[in-house]
Amino acid sequence: MVKVKVYVTLKEGVLDPQGKAIEQALSTMNIDNVNDMHVGKYMEFILEESATENDNEQIEMMCEQLLSNPVIEDYRYETEEVVTA
Amino acid sequence: MRFAVIVFPGSNCDTDLFHAIRDELGEQVDYVDHTETNLAHYDAVLLPGGFSYGDYLRSGAIASFSNIMPAVKGFADSGKPVLGICNGFQVLLEAGLLPGAMKRNEELKFICRPVELIVENNQTIFTSEYQLKEAIQVPVAHAEGNYECNEATLESLQVNNQIVFKYKQNPNGSTADIAGITNEKGNVLGMMPHPERAVDQLLGSADGLRLFQSILKNWREQNAITS
């Protein structure tokens, strides 16, 4: 059993309107040294038994088909073993 | 001619579409629930606007995995007309029936107002009743209509004449002012503006009605040849 943490962000070069708006808000707080703000999504879940032999294969399939939209988004993920008592 | 209006949880323009087809176009139309799996009895499939599954994850993402979607894909593959409006367009993008993706509007606001569209291609089954380069008035109502695609996709859209509607004044930051595109074959149209909200002068414009009339006319012509 593993805990999976998935991070989805807009691809580099894809203009991020939300990031831009946050930068503007920061500049009204007189914080002007922040650039390239990107807003993304964080998802986590427990993967019990892998349907495929390989956890990564299943996670990547999930990321590519549903959790992210590969046209505009990139994803990365981390896994950690969950030890149950 | 028989139309199907697919109803997802959170669809909210299904009734407007139903009204446009039954009362303004004068053709047969049924609501088809997202749990259904068969579209064999229909001549055209319409995916309405709204907020399917509350726009969770991404607009249209969850709906694109509904039980009905394999039938919609099969329907599109067979060459019959599929029209996705607003959230319906987003579902078609997520399902891979049309290229590209939607982002939040440039100004991050929900935009709800009539806009002018330019008909960029009137040689489709959806637009044959319009003049080329005609300006028509149709309302938009969306927060995520900022169409995005890579350069290769944009080039192929242009080369194949798949850009059917452009905004006269871009309201949302959409790439190349794109308001509506078809697939390569030309039988699947996705558009952010709402033609079903522009089917009678009482609504401010009847320009949207000709889109449905185009579908009907082309269906009649095709059926006259084959039967």
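Bear in mind the structure is a predicted one, so any value in this text is a computation, not a measurement. Hydrogens, waters and symmetry mates are skipped; everything else that's a heavy atom, side chains included, is used. To find a chain, count down the sequence lines: A is the first, B the second, and so on, and within it residues start at 1.
- Not one N or O on the side chain of S68(A) forms a donor-acceptor pair closer than 3.5 Å with the backbone of V8(A).
- Contacts of E107(B) with chain A are absent, with no heavy-atom separation under 4.5 Å from either backbone or side chain.
- For a residue to count as touching a neighbouring chain, one of its non-hydrogen atoms must lie under 4.5 Å from one of that chain's; by this rule L57(B) touches chain A with backbone and side chain alike.
- Under 4.0 Å is where a charged nitrogen must lie from a carboxylate oxygen, and between R210(B) and E134(B) at least one such pair does.
- A salt bridge is absent between E81(A) and K3(A): the closest approach of a Lys/Arg side-chain nitrogen to an acidic carboxylate oxygen does not fall below 4.0 angstrom.
- Judged purely by atom type and a 3.5 angstrom limit, K168(B) has no side-chain atom pairing as donor or acceptor with the backbone of I136(B).
- The contact between E106(B) and chain A is made entirely by backbone atoms, counting heavy-atom distances below 4.5 Å.
- Of the atoms belonging to Q18(A), heavy atoms from both backbone and side chain fall under 4.5 Å from chain B.
- Using a 4.5 Å cut-off between heavy atoms, N105(B) touches chain A through its backbone atoms (N, CA, C, O) alone.
- No donor-acceptor distance shorter than 3.5 angstrom exists from the side chain of D207(B) to the backbone of V138(B), with no hydrogens or angles considered.
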